[in-house]
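Predicted model, so just to flag it, every value in this text is computed and none were measured.
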Number of protein chains: 2
Amino acid sequence: MGITKTESYTTQTLHLADLFKALGHPARIAILQYISNQTSCICGDIVTELPLSQASISRHLQELKAVGLIKGEISGTSVCYCINPIVLPILIDFINQIHSPSNQTCCS
Amino acid sequence: MGITKTESYTTQTLHLADLFKALGHPARIAILQYISNQTSCICGDIVTELPLSQASISRHLQELKAVGLIKGEISGTSVCYCINPIVLPILIDFINQIHSPSNQTCCS
DNA sequence: TTTATATATCGCAATATTACGATTAATATT
DNA sequence: AATATTAATCGTAATATTGCGATATATAAA
């Protein structure tokens, strides 16, 4: 992604950007939507659900896991992924913070 | 960003990914936070606020504007940017949808 | 009209992301 | 023990992002 001046931002800003970046790909959005629609925590049939190779799905899952958006549990030869809700409030809070009423008055 | 199989996803999924991708950079997070903290709709002193060149800030602003997260109003030689709140509910809805109670039961 | 100010765009180099086949690793099954 | 199944990782090619200097554009001021 080219040079990013990582050292110039607060850790909070960098954390938010990492979380949003993980959400910034249609495959990962689709994975999250698929997982959240399963009542039980279905695993690697995401591969059959999405038009990507097993290797690509695995990489996307690792990315989501790295920022804490999902967690995985090994059961036998398969791995069970599910949403990790604890980071979601961080995103909600940021969006609400941006959505403050003081902005409504300008740029008519 | 390498090949992305754009045609394989719903327009809704692609739209969400675009919005989140726009949020997935610390400079753009910082820009949004800066704008939202101004009571009046302050413009190009974002350049003096952030450690990036005028060209880079302008590019980030265009990206935020392209997905509808901000809107800009020309006034004289300067441009006045502010948060565009209308797309924020789309993001909130997605996060809430993922945060559905059915997931809480698995991956103990 | 000339000059100053503010912002957008171009062109490029550096770096990151994405996808996939092939391989590895680890557990299950026979 | 040998084989099958599942998922992670490696290596690589294609493409996207980022940042900046330089330039272009457009309005304001002199």
Is any side-chain heavy atom of A:L69 closer than 4.5 Å to a side-chain heavy atom of A:L23?
yes
All N/O contacts under 3.5 Å from nucleotides 26-29 of chain D to the protein, with atom names and distances to one decimal?
none

Taken to the nearest 0.5 Å, the spacing of A:I83 CD1 from A:L32 CG works out to 4.5 Å
Does any part of the side chain of A:L61, heavy atoms only, come nearer than 4.5 Å to the side chain of A:V79, both counted from C-beta?
no
In whole Å, I'd like the distance from the CD atom of A:E63 to the P atom of C:dA19.
9 Å
Within a reach of under 6.0 Å around CD of B:Q62, are more than 12 heavy atoms found that belong to other residues, nucleotides or ligands?
yes
Any strand: nucleotide that pairs with C:dT30 via Watson-Crick or wobble, under 3.5 Å:
D:dA1
B:H99 and A:P85: which non-hydrogen atoms are nearest, and at how many Å?
CE1-CB, 3.4 Å
Counting only side-chain N and O atoms of A:S78, is one of them less than 4.0 Å from OP1 or OP2 of D:dT6?
no
B:E73 atom CD is separated from C:dA6 atom C1', nearest whole Å, by 16 Å
Test item: B:H60 and B:L50 side chains (from C-beta on) under 4.5 Å apart, heavy atoms:
no
Could you list, one pair per line, each protein nitrogen or oxygen that sits under 3.5 Å from a nitrogen or oxygen of nucleotides 8-13 of chain C, together with the distance?
| unit_1 | atom_1 | unit_2 | atom_2 | d |
| --- | --- | --- | --- | --- |
| C:dA8 | OP1 | B:Q62 | NE2 | 3.2 |
| C:dA8 | OP1 | B:Y81 | OH | 2.2 |
| C:dA8 | OP2 | B:S58 | OG | 3.0 |
| C:dA8 | N7 | B:Q54 | NE2 | 2.8 |
| C:dA8 | N6 | B:Q54 | OE1 | 2.9 |

Round to a whole Å and report the spacing from OH of A:Y9 to P of D:dT18.
10 Å
With respect to the side chain of B:L52, which nucleotide from D:dC20, C:dG21, C:dT18 is positioned closest?
D:dC20
A:N96 side chain near B:I92 side chain, heavy-atom distance below 4.5 Å:
yes
In whole angstrom, give the distance that lies between atom CG of B:D45 and atom C1' of C:dA6.
12 Å
Please report, rounded to the nearest Å, how far the P atom of D:dT18 is from the CG atom of B:L23.
12 Å
Distance test, side-chain N/O of B:K21 to OP1/OP2 of D:dT17, below 4.0 Å:
yes
Within the pair A:H60 and C:dA19, is there a side-chain N or O less than 4.0 Å away from OP1 or OP2?
yes
Rounding to a whole Å, what distance do you find between A:I31:CD1 and C:dT18:P?
11 Å
Counting neighbours of CD1 on B:I90 that are heavy atoms of other residues, nucleotides or ligands and sit closer than 6.0 Å, is the number greater than 12?
yes
Counting only N and O atoms by type, is there a donor-acceptor contact under 3.5 Å from the side chain of B:N84 to the main-chain atoms of B:G68?
yes
